[in-house]
Amino acid sequence: VQLQASGGGVVQPGGSLRLSCELSGSIFSWYNMGWHRQAPGKQREWIAAISGGGSTKYEDSVRGRFTISRDNAKKTVYLQMNSLKPEDTAVYYCNADRRFLTVVGGRGGSWGQGTLVTVSS
């Protein structure tokens with residue numbers, strides 16, 4: 001399984017950005033997908049996950065602002081980020097695994113290369 005993340009960039013506080021992560025090398029619908037992020041000087045943290053059936057789960061700091069979704073035909077998972085704050089600045093990673101807890105736990109599975117999001121005025 002290979003994952004290719006894209007969509008990062010520089011955005012002003014209060015702005016929006018959408019990240020994408022395309023899976024190749026396997027059947028996308030088999031996989032639970034997740035997004036994690038690592039801010040400068042901090043450990044990587046899980047922020048959102050979506051099951052193969054479309055159920056979603058969010059970390060408290062992004063719930064209500066970020067939305068995870070998937071398009072099985074395009075083999076892609078998205079992270080729509082609204083009302084961005086400077087503290088959302090981080091490298092964002094997508095991951096995939098057939099076990100939901102592995103996606104959320106962040107240990108194991110397959111990982112994309114990361115895409116940098118900078119929230120700054």
Side-chain angles (χ1 to χ4, degrees):
V1 173
Q2 293 82 43
L3 299 174
Q4 180 69 44
S6 61
V10 180
V11 62
Q12 292 187 340
S16 298
L17 209 56
R18 189 177 80 159
L19 307 182
S20 301
C21 176
E22 182 176 3
L23 183 149
S24 60
S26 189
I27 298 175
F28 182 66
S29 60
W30 287 355
Y31 288 85
N32 304 289
M33 304 295 294
W35 287 97
H36 301 246
R37 67 185 179 187
Q38 186 167 19
K42 296 187 176 181
Q43 289 189 333
R44 188 170 63 191
E45 63 173 350
W46 164 79
I47 56 172
I50 186 167
S51 70
S55 297
T56 58
K57 184 178 177 68
Y58 297 94
E59 193 272 332
D60 287 347
S61 68
V62 305
R63 186 178 295 113
R65 298 189 299 125
F66 292 9
T67 302
I68 188 171
S69 62
R70 63 190 295 153
D71 185 331
N72 287 346
K74 295 183 178 179
K75 304 180 75 170
T76 300
V77 63
Y78 303 99
L79 186 68
Q80 177 66 44
M81 305 185 294
N82 298 329
S83 302
L84 282 161
K85 306 174 182 179
E87 51 263 43
D88 294 317
T89 295
V91 177
Y92 285 70
Y93 299 89
C94 58
N95 72 331
D97 197 80
R98 297 188 70 173
R99 293 161 291 185
F100 192 80
L101 287 180
T102 298
V103 166
V104 174
R107 295 179 182 269
S110 300
W111 290 83
Q113 84 285 9
T115 185
L116 177 62
V117 173
T118 302
V119 184
S120 175
S121 55

Verify same cluster id: [X], [Y] (apolar side-chain graph, 4.5 Å):
{"X": "I50", "Y": "F28", "result": "yes"}
{"X": "L116", "Y": "L17", "result": "no"}
{"X": "W30", "Y": "I68", "result": "yes"}
{"X": "L19", "Y": "V103", "result": "no"}

Side chain of [X], backbone of [Y]: donor and acceptor closer than 3.5 Å?
{"X": "R99", "Y": "G109", "answer": "no"}
{"X": "Q113", "Y": "Q4", "answer": "no"}
{"X": "K74", "Y": "E22", "answer": "no"}
{"X": "N32", "Y": "G52", "answer": "yes"}
{"X": "T89", "Y": "V119", "answer": "yes"}
{"X": "H36", "Y": "G105", "answer": "no"}

For the residue pair [X] and [Y], what are the closest heavy atoms and their distance?
{"X": "S20", "Y": "T76", "value": "CB-CG2, 4.1 Å"}
{"X": "S26", "Y": "V1", "value": "CB-CG2, 3.7 Å"}
{"X": "M81", "Y": "Y92", "value": "SD-CE2, 3.8 Å"}
{"X": "L79", "Y": "A48", "value": "CD1-CB, 4.2 Å"}
{"X": "K57", "Y": "W46", "value": "O-CZ2, 3.5 Å"}
{"X": "A5", "Y": "C94", "value": "CB-SG, 4.1 Å"}

For the [atom1] atom of [X] and the [atom2] atom of [Y], what is their distance to the nearest 0.5 Å?
{"X": "S110", "Y": "L3", "atom1": "OG", "atom2": "CG", "result": "6.0 Å"}
{"X": "L101", "Y": "R107", "atom1": "CG", "atom2": "CZ", "result": "13.5 Å"}
{"X": "E59", "Y": "I47", "atom1": "CD", "atom2": "CD1", "result": "8.0 Å"}

(message) Is the ring pair Y93/W111 parallel, tilted or perpendicular, if the boundaries are 30 and 60 degrees?
(response)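 The arrangement is perpendicular - the two ring planes meet at more than 60°.
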(request) Could you tell me whether R98 atom CZ has more than 12 heavy atoms of other residues or ligands within 6.0 Å of it? (result)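 Correct, the count exceeds 12.
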(message) Counting neighbours of CD on Q43 that are heavy atoms of other residues, nucleotides or ligands and sit closer than 6.0 Å, is the number greater than 12?
(response)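 Count not over threshold, so no.
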(message) Please determine whether side-chain contact (heavy atoms from CB on, under 4.5 Å) holds for the pair V77 and W35, giving the CA-CA distance in whole Å, both sets of side-chain angles, and the decisive distance to 0.1 Å.
(response) CA-CA 9 Å; V77 63; W35 287 97; 3.9 Å; yes
(request) Would you mind reporting whether V62 and R37 have side-chain heavy atoms less than 4.5 Å apart? (result)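 With C-beta onward as the side chain, the pair touches.
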(message) With a 4.5 Å cut-off on side-chain heavy atoms, are L84 and F66 touching?
(response)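 When only atoms from C-beta onward are counted, L84 and F66 do touch, with a gap below 4.5 Å.
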(message) Salt bridge check, D88 against K85: does any charged N sit closer than 4.0 Å to a carboxylate O?
(response)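 Salt bridge: no.
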(request) Compute both the distance and the angle, then confirm whether R63 meets the cation-pi test with Y58: under 6.0 Å from the six-membered ring centre, within 45 degrees of the axis. (result)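 Geometry flag: not set, cation outside 6.0 Å or 45°.
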